[in-house]
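Here is the structure we will look at, set down as structure tokens.
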Amino acid sequence: MGWAWKEEDLDLILVPSGFLIMCVYHLFLLYRYLKHPETTAIGYENHNKKAWVEKMLLIDTKDRGFSVAVLNSHLSASTSLCSISLVLCSLIGALLGNSSSNFLTSTFILGDTSKSTSSIKYIGILSCFLLAFACFVQTTRHFVHASFLISMPTGSVPVLCIQKSVIRGNNFWTVGLRALYFAITLLLWIFGPIPMFVGSVATVIILHFLDVNKAPMIEYGSHKGSTSDHLRKIGHELASVIRPFEHNGRP
């Protein structure tokens with residue numbers, strides 16, 4: 001007897017294929033970020049954040065309230081997403097623990113509607129939201145640490161320490177958002193393997209256009225050299241004006 005096609009086989013083909021497409025794309029994005037960061041939006045943002053930290057440290061400590069306010073805005077965003085992820089984890093955990101919650105496994109869903117597959121769906125979604133929660137917590141931690149360092153009154157904190165905290169916070173923020181993207185595709189799996197596969201392909205296409213950076217890296221030059229040259233030029237002009245008066249005033 002030959003192999004008989006069943007609707008449950010769609011989950012065995014489309015779901016791993018969609019998940020593999022998402023994973024391969026993010027591995028390729030990680031390779032580009034490590035080898036050619038200027039071609040990715042993440043590398044472009046990290047480059048600007050490093051320059052921002054360097055410029056903020058040129059300001060007096062008493063005038064750095066604006067920089068702390070910028071970090072606080074990032075803290076508010078990460079805290080909000082952290083709370084949302086935790087609430088969704090609790091909701092999915094309640095649905096997973098309720099054995100009678102089979103209202104989504106209707107007959108119109110084309111695919112496997114067994115209880116074991118439904119449990120796998122909820123566990124996968126729960127794992128993504130837990131990962132997002134952990135990443136946003138780490139984002140909050142690093143941005144809080146950066147706020148303490150950048151407001152240090154002595155001003156003796158190395159620039160690299162603050163840059164490392166800001167970049168790590170931004171990287172955890174990015175990973176948390178990617179975990180939410182994976183969770184969205186797994187949520188589509190509840191309605192069948194076909195929406196999940198289509199959602200994975202659409203997500204990869206949209207993320208490809210968002211992650212590609214075609215703008216050149218901004219060169220943030222130091223203003224120290226230009227300021228000193230300007231002051232030197234003013235000094236020479238004043239000397240050239242004062243010198244004739246001094247010469248005429250001599251006996």
Side-chain angles (χ1 to χ4, degrees), residues 26 29-89 128-183 207 210-213 215-231:
H26 283 91
L29 178 64
L30 179 61
Y31 171 78
R32 286 173 49 205
Y33 172 70
L34 295 176
K35 298 297 182 180
H36 307 284
E38 69 278 358
T39 62
T40 62
I42 303 173
Y44 183 78
E45 293 175 359
N46 287 340
H47 172 72
N48 294 331
K49 284 180 172 61
K50 287 181 180 179
W52 177 81
V53 172
E54 185 177 354
K55 298 301 180 183
M56 287 296 105
L57 291 180
L58 298 178
I59 305 174
D60 293 337
T61 308
K62 61 181 180 180
D63 299 328
R64 292 179 190 170
F66 178 75
S67 59
V68 176
V70 172
L71 292 175
N72 286 335
S73 64
H74 286 76
L75 285 172
S76 300
S78 61
T79 304
S80 300
L81 289 178
C82 182
S83 302
I84 292 173
S85 300
L86 184 60
V87 170
L88 291 175
C89 287
C128 290
F129 281 124
L130 284 175
L131 177 61
F133 169 75
C135 290
F136 290 133
V137 167
Q138 292 298 317
T139 300
T140 305
R141 170 199 167 198
H142 286 290
F143 280 135
V144 168
H145 185 59
S147 299
F148 275 107
L149 293 179
I150 204 169
S151 59
M152 190 74 68
T154 57
S156 59
V157 181
V159 180
L160 292 177
C161 293
I162 305 178
Q163 287 179 341
K164 184 184 294 185
S165 297
V166 173
I167 296 304
R168 284 183 177 178
N170 188 59
N171 290 337
F172 276 112
W173 169 270
T174 303
V175 175
L177 290 180
R178 303 293 159 158
L180 292 180
Y181 297 152
F182 273 90
L207 289 178
L210 295 177
D211 292 331
V212 172
N213 175 51
M217 290 290 189
I218 302 175
E219 297 294 335
Y220 296 95
S222 176
H223 297 284
K224 294 181 179 179
S226 60
T227 304
S228 61
D229 294 338
H230 186 63
L231 293 176

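With sequence neighbours excluded, the residues forming a salt bridge (charged side-chain N to carboxylate O under 4.0 Å, His left out) with R178 are D211, listed by chain and number. Residues forming a side chain to side chain contact (heavy atoms under 4.5 Å, CB included) with K164 (at least two apart in sequence, or on another chain): R168.
The distance from the CG atom of L210 to the OG1 atom of T40 is 13.0 Å, given to the nearest 0.5 Å. For the atom pair I162 CD1 and L149 CG, the distance stands at 5.5 Å (nearest 0.5 Å). Here the OG1 atom belonging to T174 is positioned 8.0 Å from the OH atom belonging to Y33, to the nearest 0.5 angstrom. Of the inter-residue distances, the one linking Q163 atom CD with N46 atom CG reads 10.5 Å to the nearest 0.5 angstrom. Atoms CZ and CD, on R32 and E38 in that order, are 10.0 Å from each other to the nearest 0.5 Å. A distance of 11.0 Å separates OG of S76 from CG of L81, quoted to the nearest 0.5 Å.
Within the 4.5 Å cutoff, side-chain heavy atoms of L177 are placed close to those of F136. For the pair F182 and L131, the minimum side-chain heavy-atom distance is 4.5 Å or more. No side-chain heavy atom of W173 sits under 4.5 Å from any side-chain heavy atom of H74. For the pair V70 and W52, the minimum side-chain heavy-atom distance is below 4.5 Å.
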Would you check, one step at a time, whether the test side chain to side chain contact (heavy atoms under 4.5 Å, CB included) holds for Y44 with I218? CA-CA 9 Å; Y44 183 78; I218 302 175; 3.5 Å; yes
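For the pair A183 and C128, the tightest heavy-atom approach, listed with the atom from each and the gap, is CB-CB, 3.7 Å. Contact detail for V159 and E54: the closest heavy-atom pair is CG1-CA, 4.3 Å. What you find for N213 and A41 is that their closest heavy atoms are CB-N, 3.8 Å. Pairing each heavy atom of S85 with each of F129, the nearest pair is CB-O, 3.8 Å.
Listed for the N170 side chain is no donor-acceptor partner under 3.5 Å among the backbone atoms of V166.
Screening residues 135-146 for side chain to side chain donor-acceptor pair (under 3.5 Å), with sequence neighbours left out, gives S78-T140, Q138-R141.
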